[in-house]
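Read the structure below first, then the notes.
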Amino acid sequence: MNNNLHVYNTLTKRREHFITKEEGHVRMYVCGPTTYNFIHLGNARPIVVFDTIRRYLEYLGYKVTYVQNFTDVDDKIINKAKEEEENPLALADKYITEYFTDADRLMVKRADIHPKVSEHMEEIINFVKNLEKKGYAYEVEGDVYFSVRKFVDYGKLSGRSIDDLLSGARVEVDQRKKDPLDFALWKKAKSGEPAWDSPWGQGRPGWHIECSAMSCKYLGEEFDIHGGGYDLVFPHHENEIAQTEALMDAPMARYWLHNGFITINQEKMSKSLGNFFLLREIMEKFDPMVIRFYLLATHYRSPLDFDDEKLRVAQKGLERLSNSYSQLLNGLKISGQYDNGKKIRQAAEKACIEFQGAMNDDFNTALAIAVLFDLAREVNTYLREPQLDKTSLGEAQKVFDDLLAVLGISLGKEVNGTGNIDGLMNLIIILRQNARAAKNFKTADSIRDHLQEIGIVLEDGTKGTLWKHEGEAADLLEKIMEVIINIRQIARKNKDFKTADLIREELKNVGIIIEDAPQGTSWK
RNA sequence: GGCGACAUAGCCAAGCGGUAAGGCAGAGGACUGCAAAUCCUCUAUUCCCCGGUUCAAAUCCGGGUGUCGCCUCCA
């Protein structure tokens, strides 16, 4: 495939031309979470980043095989399960479900395969067995270790030598190991812990082996992209490389991509520091799209500092795009055939080219978003024209849609259903009550008639006015809004600004903003 | 102690040898019954500091300073 994509490879510490092993097909593996809690914002970054990378590769026309694992057998899970007196695997499963709830809201596409450790014991055991057979692993009393010194390239990813690592060792060394840096491939079971049968007795896998075994199973040797957070470079990915390449005598992956950290006051957000924010806590205050936008507004390898203010800024930025887009859709409705659209068509084409240029440069989403802002300005400018060309505007919309889809950002109006409808109906009823009080029965009846047309029946009783709805509820909110805007239009025409402003104020209270423009009134 | 990354306007943030994107905030103007949205203009002679290479450096090299990360579980 002919592309101009360059990616930064942690392995070579350089930006390299991206060439897949197999023409037109990207095989990628991303380290997923250990599921013993809801995910936090730090977990969300790689999820969103690599989802975006995947989307861009697909946009370029690649077939992408995307594998993201779940670590569901692990010390932390076992401990948490003990605390909560639950079965460890059930607990892990529960948080896998919760993971999808969060990831879905962030518009993260499902991986093609989401392998779990617990379902790949056979592969893992075979992997370890073969390493043992090749002399890279040894057993000590039911534990199996990888012999680091046997793998000559050890340290090539994290850029350090075994001796560097030894001098910096901060952990107590298990004396049974041949070398302090040797790491566990298989751990002997302690009583009460989940365990599986193996040639070395009851036990469970070490941390790193799962990714080697599962990536090997689903992607084979030398797959194209291996991704994860920067903190996985050492020891996790270093050890994966050692295990995999020792066994296969082939490179594990061609490109190693690592995202930078989320920080709080410039300090890494992490579970061990306790300064983390659960994604769903943040989603209570901010729309998931705002969070995604915020995550993508900085290049993925840079650190990203988090606080509410930064999300508010992201929200403002996203609103700018959102305003532009919904006004584009409005403009499309009243557009026709005119020949004044050249400039907007050029802008759309330029945006497309520049967007690709940005993404081709190691997935520079920050720049790509700037391109979107430029397009939005061009669109906004064009929208002020008295006549709008449907074809040109349509092209702009297509570009908007395509590029936003790559970033995984949706700008659709979010409708909350019944809550809003109740509020709106209350408003209409008050307005109508006012009209009736002023003996303006013509207006009052007109409101009732209009509501009748959309299937809403008003009943005036001694305790006030009740309403009920019959028939199709699909576009109810839109239809009600039409009626309200209509009422307000009439009020404005009659210079009854008090009523018009009251309507605007009340709508604001239920979260709807009215905008008067020369081409008519719109809402969001 | 070992290894590594980063330092750009009030804030966030692109930039990868050719003369400082974009967003937010702010100022002024246009539009408007008001408001919002939108449009136009302005806001870094300069990119932490000091040297060097080059016709040309925010970008490359050397030395400082500061911040952060990894070396233990972590995305």
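Computation of the quantities below employed the complete heavy-atom set of this structure, encompassing side-chain atoms and omitting hydrogens, waters and symmetry-equivalent molecules. Sequence lines set the chain letters: A, B, ... in the order given, protein chains first and strands last, and positions in each chain run from 1.
- Residue Arg45(A) places no side-chain atom within donor-acceptor reach of the base of A75(B), judged by atom type and a 3.5 Å distance cut-off alone.
- Residue Asn323(A) is in sugar-phosphate contact alone, with no base atom involved, counting any heavy-atom pair closer than 4.0 Å across all strands shown.
- Looking at heavy-atom distances under 4.0 Å, Ser272(A) makes contact with a base.
- Taking side-chain N and O atoms only, Lys271(A) has a distance below 4.0 Å to OP1 or OP2 of A75(B).
- Nearest-nucleotide assignment on RNA chain B puts the 5′-proximal partner with Gly159(A), out of Val313(A) and Gly159(A).
- Results of the side-chain hydrogen bond (donor to acceptor under 3.5 Å, both in side chains) test with Tyr300(A) over Asn259(A), Asn364(A), Thr365(A), Asp362(A) single out Asp362(A) as the only residue that passes.
- You'll find that the side chain of Lys76(A) is closest to C73(B), out of C73(B), G69(B), A75(B).
- Counted by atom type alone, Glu210(A) and Asn69(A) present one or more donor-acceptor pairs between their side chains at under 3.5 Å.
- Between the side chain of Arg160(A) and the base of G4(B), no donor-acceptor pair of N or O atoms lies under 3.5 Å.
- Nucleic acid contact class of Asp374(A) (heavy atoms, under 4.0 Å, all strands): sugar-phosphate only.
- Among the heavy atoms of the strands lying under 4.0 Å from Glu515(A) is at least one base atom, whether or not backbone atoms are also near.
- You can call Phe497(A) stacked on the base of G33(B); the centres are under 5.5 Å apart and the planes sit within 30°.
- For Ser302(A), a side-chain nitrogen or oxygen approaches OP1 or OP2 of A14(B) to under 4.0 Å.
- Taking 4.0 angstrom as the limit, Lys508(A) places none of its side-chain polar atoms (N or O) nearer than this to OP1 or OP2 of A35(B).
- Taking side-chain N and O atoms only, Arg320(A) has a distance below 4.0 Å to OP1 or OP2 of C39(B).
- Contact annotation: Asn364(A) side-chain N/O to G15(B) OP1/OP2 distance is under 4.0 Å.
- Within the nucleic acid shown, Asn380(A) comes within 4.0 Å of sugar-phosphate atoms alone, with no base atom in reach, counting heavy atoms only.
- With C40(B), A37(B), A75(B) as the choices, the nucleotide that has an atom nearest any side-chain atom of Gln327(A) turns out to be A37(B).
- Taking the side chain of Ala366(A) as heavy atoms from C-beta on, and the options A13(B), A75(B), G22(B), the nearest nucleotide is A13(B).
- Note on Arg301(A): every side-chain N or O is 4.0 Å or more away from OP1 and OP2 of C6(B).
- If you find the closest nucleotide of RNA chain B to Arg488(A) and to Gly228(A), the one lying nearer the 5' end belongs to Arg488(A).
- The base of C73(B) does not come close enough to the side chain of Asp231(A) for any donor and acceptor atom to sit less than 3.5 Å apart.
- Rounded to a whole Å, the CG atom of Leu367(A) is 15 Å from the C1' atom of C12(B).
- Put simply, CZ on Phe355(A) is 16 Å from P on A14(B), counting in whole angstrom units.
- In the model, Ser212(A) has no side-chain atom that pairs as donor or acceptor with a side-chain atom of Glu240(A) under 3.5 Å.
- A side-chain donor-acceptor contact under 3.5 Å links Asp389(A) to the backbone of Tyr338(A).
- Judged purely by atom type and a 3.5 angstrom limit, Glu354(A) has no side-chain atom pairing as donor or acceptor with the backbone of Ala351(A).
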